[in-house]
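Below is one structure, written out as C-alpha cells, with a few remarks after it.
Note that these values count all heavy atoms, side chains included, but never hydrogens, waters or copies made by symmetry.
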Amino acid sequence: MEIEVDKIDALVDEYGGEHRALTTILQDIQDEHHYLPKEALQRVSERMGLPLIQVYQVAKFYKAFSLEPRGKHLITVCLGTACHVRGGVPIVEQLGRSLDIAPGETTKDRRFTLETVNCLGCCALGPVMVVDGEYHGKMAASRVDRVLKRCIEAKEATANG
Amino acid sequence: MAKISSRAELESWRESILAGRDLSKPCITVCGGTGCRALASEGVSTAFGEELRRAGLEAKVDLRMTGCHGFCERGPIVVIFPERIFYPGVTSNDIPEIICKTIVGGEVIERLLYEDPLTGEKIVHEPAVPFYREQQRILMKDNGLIDPKKIEDYIAVGGYKALAKALFEMTPEEIIEEVKRSGLRGRGGAGFPTGRKWEICRRAKGEVKYVICNADEGDPGAYQDRSLVEGNPHSILEGIIIGAHAIGAHEGFIYIRNEYPLAVEHISLAAQQAEEYGFLGEDILGSGFDFTFKVHRGSGAFVCGEETALMASVEGRVGEPRRRPPYPAQEGLWGRPTNINNVKTWATVRHIINNGAEWYSGIGTETSKGTMVFSLVGKVNNTGLVEVPMGATLRHLIYDIGGGIRGGKKFKAVQTGGPSGGCIPESLLDLPIDYERLTEAGSMMGSGGMIVMDEDTCMVDMARYFLGFSTDESCGKCTACREGGKRMYAILDDMTHGRGREGDIELLQELSEAMKDGALCALGGTAPNPVLTTMRYFRDEYEAHIREKRCPAGVCKDLISFYIIPENCPGCGLCLRACPEGAISGEKGKPHVIDPDECIRCGICREVCNLDAIGVR
Ligand SMILES: Cc1cc2nc3c(=O)[nH]c(=O)nc-3n(C[C@H](O)[C@H](O)[C@H](O)COP(=O)(O)O)c2cc1C
Ligand code: FES
C-alpha cells in the first residue's frame, strides 16, 4: 500500500500534533483507505511523537478501525437487540453462504467485506442491512441475494458509466 | 447576519423571522430522519421539489425536510401543514397526485391515509393518530416541525430563549436550584439527580472545568438520542450552554457514536451556526460568558459510553474505565472537574428554564419526574420513538401506543435497559415505568430502549445474546468481567446447543453474584441482569433446554427440526425454490417434504411460506 507521507503529516499538523486528536486522525485515515495501513500507523507515531505501541493499541481497541484491507463493497448487518429479535442472524448466515465468508472476513477477490454491528439506530426498521452506506430496512433472509445483486449492479453501473 | 449581542437583538431577530412566515401557506414536510432515509425519503423530497417546480408552485408552497417524527415503522412520513394532513409510507409515485389533489385541490387522498389497525378507521390528521395522540411530547415536539439544518427554524419555535433567560435573569446558583427543584434525573442510565451533579461540579475546586454531552448511545435497540441530535441539535446545545454557565465551565464536548454520520453532521453544523450568531464563543449574547464547544466522534466501543472510559477516549487514549471515586465532577477530563450528562438530560434543560421547575415536577411520579423518550421496537406493531410521562404503564406503551404484538402473536417479554437491563414478563405489564419500579423488577431504565418479544423469542437465546454482547464489549481490564462473562456465555451457549447440565442454573446464579461484586465498572456489574431476570421469570424455558433438550420457542437450531404440515401445503413450490440447501422436494400441486438430514434450519422456507405450512418441533 502506497502511503502519502505528506498527507499524513499534514493531517497530524492540522490538529496541532495534539495527542487527544489521535483517534480523529486515525478516523480520517480510515475514511480514506477503508483501513489503517501499517505504514500509516508508523508515520502517525513518528509525527506525533507517540510510541508506535500506543498508536497500535488505540487502533486495535476501537471497532471502527480495521488493520486489514477491506473489500471494494462493505456489507454491514445489524445484530443489535431489535434486529436480533426480528431475524438478523438468518441474514448474516445467508450472506455467509452466498459470499462464502464469515463476519469480519473479506472475499478472496477483495470484492466484499462482511461485518456485523451492534445497532445502527434504525431499530424500528429491523433487521437492517447496509450496503456501501445504503440502508435497507425490514430485510428478510430470502431477499438478501436479490437486494445485494441489485445494489451492486447499480453501483458498478454508475462507477463504470 | 451579524452576531447577536443582546437579548433584545435575539428577540427582534425572532420577530423578524416570524413576521416573514405566513402560517396559512401550505408547507410539505418530509421526514429526514435516518429511519425514513432508509426508506428513501430523500428521493421523495427531491421528487416533491421537482413536481412543485413543474406545477409552478415553488413560491406558493414550502417544502421542508424535517427531523425524525418517531413513527419510523410507517416511513417515509409526509405531513402537510397547516392542516397537518398525515400521509405515511409515501413513495415517489404518489407525489403528482398529492400536489394535484391535496395541495391544489384541497382534497384528502383516502388511499394514502393511515388506517388504525385496531378499528380500521382512516385518520386524516397527524395529532389524531393513536401513536401520537397517546404521547406527551416535550423533547420530541419540535422534531417534526423544524429543519435541523436551519437555525432560523429553531429560533422560530422559541430557540435560545431559555439561554437568554438563564444568562440575564438568573445567577448560576439559581439555575442549579431550578434544575434541582424540577426533580430531573439523568437519562443516560443510573438516574442521578442532575441539579445535584451540577452543584457538586460547581463547588469542585479548580479554575478549569468541562461539560460533556454523552451521545454514545451504545444500548442496542435505542435510538432516541440519535433522533434528537439529528432532528433538533440546537435544543441540546442550548441545554449544554446553560449548564456550562451554571457550573462555570468554558469548554464542552459532545461525544457521539461513529455509526451516526448524520447526527455528527447536524450537530457540527449547529455548533458552527451557533458560533456565527453569537450563542457560542466569546461574550455570548453580550453577557460576558465565554464557552467553546467541540464535536468528538467515537470509534465504536460500547464501553466508551461509560463516563470514565468516555473521558479517556476524548483524551485520545484507549477507552478503559477506571474506579470511581473520584467522580468526574471532582476529577474528570485531564484531571479537571467535569460534568457529564446524556443527550436527553441536556435537551430537557431549556424546557425547565422556560417553564419553571414546578411545571416539570408536576409531570411524572413521586420519584421520577418529567417525560421519558422510549424506543419501542421489536415485535410490536407500531415501532418508533415514544415520549410519555414517567409512570405510564408498560401496557399503555405496548398496546395503546404500540398497537400490540405483530402478526397476532402472543406477548412474551419486554426488555429494557439494554445489556444492563432485564426482561420483564407479562405479569408485570401494568407496572408504572419509573426508575425505582424497573429496578425492583430486576431491570433498569437505561437510556430508554424497549424491545418487545413474542412467543417466538427464546429467552435462553436472549440471555446468551446479551452475554455475548457484554463479553465482546468488555474492555478486558478487570478479571470479574473478562472471565466471568466468558464462563457465563459458555454455559448459556452449551444450553442452546443441547449440552446444558443439571446445576447450570445455580452456577449461573453464583457467577452472576461474583460479577456483580467484582467488576470494575457497571458494564460487568450489570451484565448478569439479562440472565438473572430471564431465569427469574422464565425458568421453565431454561429447564426445557437443560432437561428435555427442547427449545419451546423454536429458535435454538440444534434443538429443533422443520417439517411440512401436509394439510396446509398446496405444493406451490415457493419453499422448494427458496431453500438454499435443496432440502425440500415434492411434485407441483402435492404436499412437499423436508429432508431433515439436508435441512440446516435457516428458516427461509418458513419466511417465504404464506400458508403456515412449515412447522417447527
Ligand atoms: C457500560 C456503560 C455504557 C454506558 N453507555 C451510555 C450511553 O451510551 N449514553 C449515556 O448517556 N450514558 C451511558 N452510560 C452512563 C454514563 O456512565 C453516565 O452515567 C451518564 O452519561 C450520565 O449522564 P446522566 O446523568 O444524564 O444520565 C453508560 C454506562 C455504562 C456503565
Ligand atoms: S438494533 Fe439494529 S438498528 Fe438498532
Nearest heavy-atom neighbours spanning B:Thr34 and A:Cys122:
CG2-SG, 3.5 Å

Counting only non-hydrogen atoms closer than 4.5 Å, does B:Val314 touch chain A with its backbone (N, CA, C, O), its side chain (CB onward), both, or neither?
backbone

Compare all side-chain heavy atoms of B:Thr383 with those of A:Arg86 and state whether any distance is below 4.5 angstrom.
yes

Is A:Gln57 in contact with chain B via its backbone, its side chain, both, or neither, using a 4.5 Å heavy-atom distance?
both

Okay, A:Val117 and chain B: the region with an atom under 4.5 Å from a heavy atom over there is side chain

Go through the atoms of B:Ser313 and report whether side chain, backbone, both or neither lie under 4.5 Å from a heavy atom of chain A.
both

Pick one: which of A:Thr81, A:Leu79, A:Asn118 meets side-chain contact (heavy atoms from CB on, under 4.5 Å) with B:Phe469?
A:Asn118

Given that the side chain runs from C-beta out, which part of B:Leu376 has a heavy atom under 4.5 Å from chain A: side chain, backbone, both or neither?
neither

Given heavy-atom pairs under 4.5 angstrom as the criterion, report whether the side chain, backbone, both or neither of B:Ser375 touches chain A.
neither

So do the side chains of B:Cys602 and A:Gln94 get within less than 4.5 Å of each other, counting heavy atoms only?
no

Heavy-atom distances under 4.5 Å only: say whether A:Lys60 touches chain B with side chain, backbone, both or neither.
neither

Under 4.5 Å from any heavy atom of chain A, what part of B:Arg297 do you find: side chain, backbone, both or neither?
both

Taking C-beta and beyond as the side chain, do A:Cys119 and B:Arg257 meet within less than 4.5 Å on heavy atoms?
yes

Of the listed residues (B:Pro580, B:Pro220, B:Ser299), which shares the most heavy-atom pairs with chain A below a 4.5 Å separation?
B:Ser299

Between chain B and each of A:Leu22, A:Val58, A:Thr24, A:Leu50, count heavy-atom pairs under 4.5 Å; write down the option with the most.
A:Val58

B:His296 versus A:Arg20: any side-chain heavy-atom pair under 4.5 Å?
no

So which part of B:Ala222 gets closer than 4.5 Å to some heavy atom of chain A, the side chain, the backbone, both or neither?
backbone

So which part of B:Asp472 gets closer than 4.5 Å to some heavy atom of chain A, the side chain, the backbone, both or neither?
both

Which one wins on heavy-atom pair count under 4.5 Å against chain A: B:Met453, B:Glu320, B:Arg317?
B:Arg317

Between B:Glu581 and chain A, which part of the residue has a heavy atom less than 4.5 Å away: side chain, backbone, both or neither?
side chain

Looking at side-chain heavy atoms only, is the closest gap between B:Met462 and A:His84 below 4.5 Å?
yes

Crowded around A:Tyr56 OH? As in, over 12 foreign heavy atoms under 6.0 Å?
no

Counting N and O atoms only, with roles assigned by atom type, does the side chain of A:Lys138 sit under 3.5 Å from a partner on the main chain of B:Glu73, one being a donor and the other an acceptor?
yes

Heavy-atom check, side chain of A:Tyr62 versus side chain of B:Cys304, under 4.5 Å
yes

In terms of heavy-atom contacts, B:Tyr223 and A:Ala124 come closest through OH-CB, 3.4 Å

Can you tell if the side chain of B:Val303 reaches within under 4.5 Å of the side chain of A:Phe61, non-hydrogen atoms only?
yes

Under a 4.5 Å cutoff for heavy-atom pairs, which residue among B:Ala578, B:Gly298, B:Gly319, B:Gly603 has the most contacts with chain A?
B:Gly319

Side chain, backbone, both or neither: which part of A:Ala21 has a heavy atom under 4.5 Å from chain B?
neither

So, taking the atom named CG in A:Leu125 and the one named SG in B:Cys36, what distance separates them when rounded to the nearest 0.5 Å?
8.0 Å

Would you name the heavy atoms of B:Asn258 and A:Ala64 that are closest together and state the gap between them?
ND2-CB, 3.3 Å

Once rounded to the nearest 0.5 Å, what's the spacing between atom CD of B:Gln224 and atom SG of A:Cys123?
8.5 Å

Under 4.5 Å from a heavy atom of chain A, the part of B:Phe466 involved:
side chain

So which heavy atom on A:Val85 is nearest to which on B:Gly378, and how close?
CG2-CA, 3.8 Å

Any side-chain heavy atom of B:Ile604 sitting closer than 4.5 Å to one from A:Glu93?
no

If the threshold is 4.0 Å, N to carboxylate O, is there a salt bridge linking B:Glu607 and A:Arg143?
no

